[in-house]
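I have placed the structure first, in the form of structure tokens, so that the comments after it can refer back to it.
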Number of protein chains: 2
Amino acid sequence: MAVRGKEFPNCAFRQTLDVLEGKWKFAIIHSLLLHGTMRFKTLERDVAGITARMLVKELKLLEAHGIVSRRAYATVPPTVEYTLTECGLSLEPIIEAIQAWGEKNRAVISQA
Amino acid sequence: MAVRGKEFPNCAFRQTLDVLEGKWKFAIIHSLLLHGTMRFKTLERDVAGITARMLVKELKLLEAHGIVSRRAYATVPPTVEYTLTECGLSLEPIIEAIQAWGEKNRAVISQA
DNA sequence: CAGAATCCCATGGGATACTG
DNA sequence: CAGTATCCCATGGGATTCTG
């Protein structure tokens with residue numbers, strides 16, 4: 001939906017949703033906010049339910065948007081670490097708000 | 001992904017994401033927060049790009065989750081109004097946070 | 001371990017036409 | 001106006017296998 005940016009040039013809200021779009025990005029960012037720098041496998045384990053394939057894809061998108069940064073080490077076996085950029089860290093208020101709402105409304109949403 | 005609630009019973013964060021999941025829910029709630037009670041057609045016009053079909057579907061889900069309430073009047077042509085419930089209104093901090101982030105990072109995300 | 005490569009299915013979601 | 005009903009396609013996303 002990169003097109004949308006052209007259709008509605010100044011809608012910062014919708015553009016943000018495009019960056020965070022999809023099933024996993026909030027969860028990935030949430031995990032990185034909690035744990036700081038993380039290896040690929042650690043992330044995969046922490047983001048419950050995600051597959052390696054999707055994690056790769058989502059991380060690439062987040063990296064392209066400047067939300068996370070990737071650093072690879074030439075070890076055997078390979079080590080790759082992911083970290084939130086400054087821009088990514090600035091998403092914390094959003095994640096916090098979601099977390100807070102979830103805790104207050106646990107009863108409400110659990111029945112759904 | 002209603003199943004996830006069973007797999008990870010106490011993950012309020014992920015449950016919240018399930019409620020807000022999909023391409024349109026944030027935008028719909030955003031619009032309702034700005035304008036208060038809205039008619040179907042008004043919502044359709046305000047949520048840029050959405051089709052009536054999707055708007056119906058998303059509103060039903062939001063209603064099922066207790067986020068919005070629907071009131072129909074027996075007029076000709078019919079009038080149907082949608083309003084955020086108290087629970088829905090309590091999502092405002094999340095929407096605000098997204099909006100705020102979007103405005104601060106307009107430059108960053110516009111290039112993507 | 002960190003992916004890339006395939007395969008494949010479900011469904012999200014658009015377009016269009018119709019109705020009370 | 002506020003939907004419902006079809007049709008149909010794109011792609012999101014899971015499972016599995018392979019490699020440096």
Side-chain angles (χ1 to χ4, degrees), chain A residues 1-4 6-8 14 17-29 31-32 35 37-65 68-83 112, chain B residues 1-4 6-8 14 17-29 31-32 35 37-65 68-83 112:
Chain A
M1 233 105 300
V3 170
R4 193 190 298 147
K6 293 172 186 171
E7 293 172 13
F8 316 101
R14 294 293 289 274
L17 293 186
D18 280 348
V19 173
L20 300 175
E21 161 184 77
K23 190 177 174 180
W24 300 108
K25 298 203 185 60
F26 280 103
I28 292 170
I29 295 166
S31 182
L32 284 170
H35 303 100
T37 296
M38 296 176 81
R39 298 187 60 171
F40 183 87
K41 197 68 181 177
T42 317
L43 252 178
E44 186 183 350
R45 270 188 288 259
D46 195 63
V47 178
I50 200 171
T51 60
R53 183 178 173 284
M54 287 311 299
L55 186 52
V56 171
K57 192 192 281 183
E58 299 289 65
L59 284 171
K60 273 185 184 163
L61 284 173
L62 289 173
E63 194 188 0
H65 282 297
V68 310
S69 67
R70 192 192 108 115
R71 200 159 25 175
Y73 301 91
T75 56
V76 178
T79 303
V80 181
E81 292 181 343
Y82 293 91
T83 314
Chain B
M1 232 102 299
V3 170
R4 194 189 299 147
K6 292 172 186 170
E7 293 171 13
F8 316 101
R14 294 294 289 274
L17 293 186
D18 280 349
V19 173
L20 300 176
E21 160 183 77
K23 190 177 173 180
W24 300 109
K25 298 201 184 63
F26 280 102
I28 293 170
I29 294 166
S31 182
L32 284 171
H35 303 100
T37 297
M38 296 176 82
R39 298 185 60 170
F40 183 87
K41 197 66 180 179
T42 317
L43 252 178
E44 186 183 349
R45 270 189 289 259
D46 195 62
V47 178
I50 199 171
T51 59
R53 182 178 173 285
M54 285 312 297
L55 185 53
V56 170
K57 192 193 278 185
E58 298 288 64
L59 284 172
K60 273 185 184 164
L61 283 173
L62 289 173
E63 195 189 358
H65 282 297
V68 311
S69 66
R70 192 192 107 115
R71 198 158 26 176
Y73 300 91
T75 56
V76 178
T79 304
V80 181
E81 292 180 344
Y82 292 91
T83 314

Mutual orientation of the aromatic rings belonging to B:F40 and B:Y82 [parallel < 30°, tilted 30-60°, perpendicular > 60°]: tilted

Side chain to side chain contact (heavy atoms under 4.5 Å, CB included) between B:T83 and B:L32, intermediate numbers included: CA-CA 7 Å; B:T83 314; B:L32 284 171; over 6 Å; no

Contact check, side chains of A:E81 and A:Y73, non-hydrogen atoms, under 4.5 Å: yes

Residues which pass side chain to side chain donor-acceptor pair (under 3.5 Å) with A:T42, listed by chain and number, not counting sequence neighbours: none

Protein-nucleotide distance (A:I50, atom CD1; D:dG14, atom P), rounded to Å: 8 Å

Nucleotide D:dA2, atom P - distance to CG of B:D46 in whole Å: 14 Å

DNA chain C contacts among residues 51-61 of chain B, heavy-atom distance under 4.0 Å: B:T51, B:R53, B:M54, B:K57

Nearest to side-chain heavy atoms of B:P78, which nucleotide of D:dA2, C:dG13, C:dA2: D:dA2

Separation of atom NZ in B:K25 from atom P in C:dG12, rounded to whole Å: 9 Å

4.5 Å side-chain heavy-atom contact, B:V80 and B:R39: no

Sugar-phosphate only, base, or nothing, as touched by A:Y82 at under 4.0 Å among non-hydrogen atoms: sugar-phosphate

Length of the CD-C1' vector between B:E21 and C:dG13, whole Å: 14 Å

Separation of atom CD1 in A:I28 from atom C1' in D:dG13, rounded to whole Å: 13 Å

Side-chain N,O (A:R39) to OP1/OP2 (C:dC1) below 4.0 Å: no

For atom CD of B:E44 and atom C1' of D:dG3, their distance in whole Å: 10 Å

Show the atom names and distances, to 0.1 Å, of all donor-acceptor pairs under 3.5 Å that link a side chain in residues 44-61 of chain B to residues at least two apart or in another chain.
unit_1: B:D46; atom_1: OD2; unit_2: B:S31; atom_2: OG; d: 2.4
unit_1: B:T51; atom_1: OG1; unit_2: B:M54; atom_2: N; d: 3.3
unit_1: B:E58; atom_1: OE1; unit_2: B:K25; atom_2: NZ; d: 3.2

Integer-rounded Å distance: D:dG12 P and A:D18 CG: 12 Å

Phosphate OP1/OP2 of C:dG14 contacted by B:K23 side-chain N/O (<4.0 Å): yes

Listed nucleotide nearest any side-chain atom of A:W24, set C:dG3, D:dA2, D:dG13: D:dG13

Heavy-atom check, side chain of B:I28 versus side chain of B:V68, under 4.5 Å: no

